[in-house]
J.: 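There's a structure below that I have some questions on.
Chain naming here is simple, since letters A, B, ... match the order of the sequence lines and numbering starts at 1 in each. Predicted model, so just to flag it, every value in this text is computed and none were measured.
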Amino acid sequence: MSLYARFQDKLEAILGDLVREGVLPDGLPMQAVAVEPPRDASHGDLATNAAMVLAKPARTNPRALAGEIAPRLEALDGVTAAEVAGPGFINLKLDPRVWDEELEAMLAEGDHYGRVDAGEDARTINIEYVSANPTGPMHMGHSRGAVVGDALASLLEWAGRKVVREYYVNDAGAQVDTLARSAHLRYREALGEDIGAIPEGLYPGDYLKPVGAALKDAYGARYAQAPEAEWLPVFKPFVVEKMMDMIRKDLALLGIHHDLFSSEAELQASGKVEEALATLRAKGLVYEGVLEPPKGETPADWEPVELTLFRSTQFGDDQDRPMKKSDGSWTYFGADAAYHYQKAQGADHLVNIWGADHAGTVKRVQSAVTALTDGEKGLDVKLVQMVRLFRDGEPVKMSKRSGNFVTLAEMVEEVGKDVVRFMMLTRKADAPLDFDFAKVTEASKENPVFYVQYAHARISSLKRKAAAAGLDAGAADLTLLDEVERALVRQAAQFPRVVRLAADAYEPHRIAFYLYDLAAAFHASWNRGNDDPGKRFLIEEQPDLSRARLELARGIGQVLRNGLAIMGVEAAEEMR
RNA sequence: GCGCCCGUAGCUCAGUUGGAUAGAGCACGAGACUUCUAAUCUUGAGGCCGGUGGUUCGAAUCCACCCGGGCGCACCA
């Protein structure tokens with residue numbers, strides 16, 4: 001249990017005592033009570049807002065209540081002072097040994113420091129991400145959602161959730177028909193036919209050539225002149241499988257592996273969509289009706305048509321949404337509602353990572369989840385904004401139509417997996433992100449990937465040097481650390497808290513920012529040795545002091561490694 | 001016209017779920033090297049947190065309405 005969590009428990013025990021003694025009324029809202037690092041280090045080691053949050057429901061004033069709580073906090077083991085400050089904060093000063101113990105915990109827990117072990121109580125979160133249409137290779141635009149989703153999945157695991165990483169394969173729509181037709185053309189090409197230019201509306205990419213060849217190997221010339229109705233149902237699954245192989249390979253370049261691939265076509269074939277529709281119908285949430293024409297610009301081909309509609313407006317949507325098209329087939333939403341129903345049956349909570357251009361469809365799917373699970377399961381949608389590509393400050397032009405886009409594979413090949421992953425997490429997901437091929441590989445402070453890696457490499461270098469000088473043997477006396485060094489311990493000790501808060505907010509980027517700050521603090525501490533050789537981490541004539549500082553460095557290194565592990569980034573041992 | 005997201009230093013962005021004097025990087029000013037203990041660090045200046053009201057002990061954060069930008073708005077995915 002982390003230091004902050006331990007003191008949170010102790011504080012709650014004290015508040016419980018106060019309730020029993022009648023000082024506080026029963027049934028107070030405790031969720032808002034927090035143990036935090038104080039804004040200013042001079043205020044102490046820990047701060048709590050308990051008195052301010054509880055004063056109103058307890059019908060007293062914050063400072064008076066703080067006066068009740070503070071002496072009891074001061075009596076706790078490891079606390080040397082508890083002062084009431086400002087509007088009612090209680091600031092705690094801790095015995096330095098508490099931080100020394102936390103540093104020891106960092107090293108003892110190692111790769112698990114910051115992890116929550118929820119055991120049997122772990123909630124299962126299904127997180128669906130990437131889910132790119134299986135019509136071609138992954139391009140650079142897919143990479144951000146892929147990384148954010150994957151890092152969020154790891155983050156949630158660290159925070160004690162059980163996680164299912166899922167990919168929804170959209171293999172049932174018109175795009176997949178187009179894909180199969182495009183492949184058929186390549187198939188005829190592989191059979192020696194001159195197919196000329198790829199007609200408008202078909203996928204022109206060369207990546208379909210090997211698929212055509214594979215089709216030839218599998219079926220010979222059997223379908224070359226056959227009517228479409230004969231080969232389409234055969235080609236579709238064949239080609240989709242090839243595309244998914246390609247996509248899985250692309251994702252593997254980023255270190256991304258899903259647990260589950262769910263097919264929309266199989267979902268429809270299994271009757272799951274009828275089941276979802278029937279369930280909604282039984283709840284009186286489905287009707288046959290005609291929608292109003294869209295506001296603003298009315299499409300030229302609009303005409304009133306009766307559709308099977310879901311009453312999503314009952315759940316806050318602007319408009320009821322069609323589940324079936326006028327030809328009787330399922331809409332994307334119809335299948336999607338059933339798909340989320342299926343996911344909800346295997347998890348306690350759902351998370352989707354979507355491109356921001358799908359913002360408009362969030363409410364209807366959330367409505368469906370609420371309706372189908374009677375409000376027992378929730379869906380959070382994390383919207384990811386676009387990435388703007390630059391090269392030396394100049395925008396990289398991309399055109400989907402001409403097939404001139406930067407693929408994910410090219411991107412990873414040029415700058416490396418770790419750079420792509422780290423950079424995609426240096427912005428809040430819902431803010432646009434600039435990615436400059438030149439800057440992200442630069443060896444400078446402006447490049448956060450480098451900056452954090454460099455801090456870790458310096459620590460690794462320290463460990464090597466200490467081992468070579470024989471300074472690393474024996475137990476360290478951490479009481480030799482000075483205030484600046486202990487401040488570094490305090491900062492590293494926030495890691496478990498940062499993990500928990502980032503997980504609760506579904507915001508993996510917080511890990512990246514935290515690591516950058518921790519790296520900065522370490523670099524500053526390291527640099528003290530330039531001005532004052534007595535502040536260097538390793539001093540041969542002072543083995544005891546060196547051992548203590550080496551422990552500190554190892555603790556920082558461990559936290560950097562653990563944070564990078566959440567992000568899926570390797571920790572560099574050296575920068576050469 | 002409606003919905004969602006966003007608006008914080010000249011620029012790019014954080015801001016611990018409502019807390020104490022709003023932070024960091026770049027750029028600008030001043031300083032410390034000759035490279036795994038300078039790929040870095042120290043320090044200075046820089047703010048109407050888009051605006052106006054409201055909620056309360058307390059608001060960049062929550063609510064309402066404006067202003068400005070992005071995305072999306074029947075059976076496409």
J.: So if I take residues 358-367 of chain A and measure heavy-atom distances to RNA chain B, which residues fall below 4.0 Å?
T.: A:His358, A:Thr361, A:Lys363

J.: Enumerate donor-acceptor pairs with a distance under 3.5 Å from any side-chain N or O in residues 353-364 of chain A to protein atoms, sequence neighbours excluded.
T.:
residue: A:Thr361; atom: OG1; partner: A:His358; partner atom: O; Å: 2.8
residue: A:Lys363; atom: NZ; partner: A:Gly316; partner atom: O; Å: 3.4
residue: A:Arg364; atom: NH2; partner: A:Gly360; partner atom: O; Å: 3.4

J.: Quantified in whole Å, what is the P atom distance between nucleotide B:G69 and nucleotide B:C28?
T.: 31 Å

J.: Reading nucleotides 10-17 of chain B from the 5' end, what letters show protein touch, with B for base, S for backbone sugar-phosphate only, - for no heavy atom under 4.0 Å?
T.: --SSSSBB

J.: What residues in residues 128-135 of chain A put a non-hydrogen atom under 4.0 Å from any atom of RNA chain B?
T.: A:Asn133

J.: Is the closest side-chain heavy-atom distance between A:Asp336 and A:Tyr168 below 4.5 Å?
T.: yes

J.: Note every stem involving RNA chain B: at least three consecutive Watson-Crick or G-U wobble pairs, i with j then i+1 with j-1, with both distances under 3.5 Å.
T.: B:1-5 with B:69-73, B:10-13 with B:23-26, B:28-32 with B:40-44, B:50-54 with B:62-66

J.: What's the CZ-P distance between A:Phe333 and B:C73, to the nearest Å?
T.: 16 Å

J.: What integer number of Å spans the C1' atoms of B:A59 and B:U40?
T.: 39 Å

J.: Without decimals, in angstroms, what is the distance between A:Met575 CE and B:A39 P?
T.: 11 Å

J.: Is the gap between the ring centers of A:Phe435 and A:Phe390 under 6.0 Å?
T.: no

J.: Between the base of B:U40 and the side chain of A:Asn527, is there any donor-acceptor pair under 3.5 Å?
T.: yes

J.: Nearest whole angstrom, please: distance from the P of B:U37 to the CD1 of A:Ile459.
T.: 12 Å

J.: Find out whether A:Asp320 and A:Tyr287 are in side-chain contact, i.e. whether some heavy atom of one side chain is under 4.5 Å from a heavy atom of the other.
T.: yes

J.: Hey, does A:Tyr516 reach any base, or is it just sugar-phosphate, or nothing, if we go heavy atoms under 4.0 Å?
T.: sugar-phosphate

J.: Pairs under 3.5 angstrom only: tabulate donor-acceptor contacts from the side chains of residues 422-431 of chain A to other protein residues two or more places apart or in another chain.
T.:
residue: A:Thr426; atom: OG1; partner: A:Met423; partner atom: O; Å: 2.6

J.: Give me the distance, rounded to whole Å, that separates B:A9 from B:C5 when you measure between the C1' atoms they each carry.
T.: 24 Å

